[in-house]
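Take a look at the structure set out below.
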Amino acid sequence: GQSWQTLPGTALAMSLVLRPRKIRPETAWGISVAGALAVAEALETEGAAPSIKWPNDVLLRERKVAGLLVDASWEGERLSYAVLGIGVNVLEGSAPPDASVDYPATSLEHELGRSVDRGTLLLATLESLARWYARLGTVGLRETWWQRMAFRDQRVSVWDGREEVRGRLAGIDAAGGVVLVLEGGERVNVGAGAARLRPIDRAPE
């Protein structure tokens, strides 16, 4: 029910049809993670310093520069195919104004202060994705995701579809959910199906 709009010719937007041969439903979250890692590495080739906001956004200076979404088709326990959608705000004007979105956004050119070639960025993203796609279901993919996680070890608010859960962001579990440490020290897992994470102690600049 959400929309993301950008002016023609200002962003990098693509849908990739993937057909992993061996992937279990409980590790399918790795598809979007592989995409996020690929985008982050591609942004780094341009000199940016990205982080990944759980579950599927890429940030620059705590503002959203890219989003990812996976639409999967299952036949029982077998994944028939997955469509990985990736959108990156590249040129000035591609990021919507703050008042129109629920999380502040930015563009790569705005953050770098120079022009960026979208074709070059596309190629870097696809080359990186090929490497991470080959590592779906591995511990290394999840560990790298955690090392790049935005708001790691900070207090965050996570909406799990029913209620808001607040705690310190302490890790990622094997199902792709986040591990939070509550104020009393209790550790809870919030599933990968939750859609929203926000920092509590500070707002994006």
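Predicted model only: the values in this text are computed from it and were never measured. Starting from 1, each residue takes its place in the sequence as its number.
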Min side-chain heavy-atom separation [X]-[Y] under 4.5 Å:
X      : Y      : result
Trp29  : Asn56  : no
Phe151 : Ile200 : no
Leu136 : Ile31  : yes
Tyr133 : Pro20  : yes

Where [X] and [Y] come nearest, the two heavy atoms and their spacing:
X      : Y      : value
Ala66  : Val39  : CB-CG1, 3.9 Å
Asp98  : Ala105 : OD1-N, 3.9 Å
Pro96  : Val101 : CG-CG1, 3.4 Å
Arg135 : Thr138 : O-OG1, 2.7 Å
Ala28  : Trp74  : CB-CZ2, 3.6 Å
Ala48  : Leu60  : CB-CD2, 3.8 Å

Among residues at least two apart in sequence or on other chains, which ones pass side-chain hydrogen bond (donor to acceptor under 3.5 Å, both in side chains) with [X]?
X      : value
Glu111 : Arg61, Thr106
Asp173 : Asn189
Thr45  : none
Arg24  : Glu26

Distance-only check: which donor-acceptor pairs under 3.5 Å involve side-chain atoms of residues 118-130, not counting sequence neighbours?
unit_1	atom_1	unit_2	atom_2	d
Arg118	NH1	Ala11	O	2.8
Thr120	OG1	Asp117	OD2	2.9
Thr125	OG1	Leu121	O	2.9
Ser128	OG	Glu41	OE1	2.3

Supply the atom-to-atom distance [X] [atom1] to [Y] [atom2], rounded to the nearest 0.5 angstrom.
X      : Y      : atom1 : atom2 : result
Leu18  : Leu84  : CG    : CG    : 5.5 Å
Glu109 : Ser94  : CD    : OG    : 7.5 Å
Ile52  : Leu37  : CD1   : CG    : 4.5 Å
Arg196 : Tyr103 : CZ    : OH    : 12.0 Å
Trp54  : Leu197 : CH2   : CG    : 7.0 Å
Met149 : Ile172 : CE    : CD1   : 3.0 Å

- Task: Report the C-alpha distance between Leu12 and Ile86 in whole Å, list the side-chain angles of each, state the deciding distance to 0.1 Å, and finish with yes or no for side-chain contact (heavy atoms from CB on, under 4.5 Å).
- Result: CA-CA 8 Å; Leu12 179 61; Ile86 299 176; over 6 Å; no

- Query: Any chance CD of Glu77 has more than 12 other-residue heavy atoms, nucleotides or ligands included, within less than 6.0 Å?
  - Reply: no

- Are Leu79 and Leu69 grouped together when hydrophobic residues (ILVMFWY) are joined by side-chain heavy atoms under 4.5 angstrom apart? no

- Message: Are Met14 and Val88 linked, directly or through intermediate hydrophobic residues, by side-chain heavy-atom contacts shorter than 4.5 Å (ILVMFWY only)?
- Response: yes

[X]: which residues meet the salt bridge (charged side-chain N to carboxylate O under 4.0 Å, His left out) condition with it, sequence neighbours left out?
X      : answer
Glu75  : Arg78
Glu44  : Arg148
Arg142 : none

- Just do the side-chain contact (heavy atoms from CB on, under 4.5 Å) check on Lys53 and Glu62 with the steps written out, would you? CA-CA 9 Å; Lys53 183 172 73 67; Glu62 298 187 13; over 6 Å; no

For [X], what residues pass the side chain to side chain contact (heavy atoms under 4.5 Å, CB included) criterion, not counting sequence neighbours?
X      : answer
Ser15  : Val83
Glu164 : Ser157, Trp159, Arg166
Ser73  : Ser80, Tyr81

Check: residues 175-188 side-chain donor-acceptor pairs under 3.5 Å, at least two apart:
none

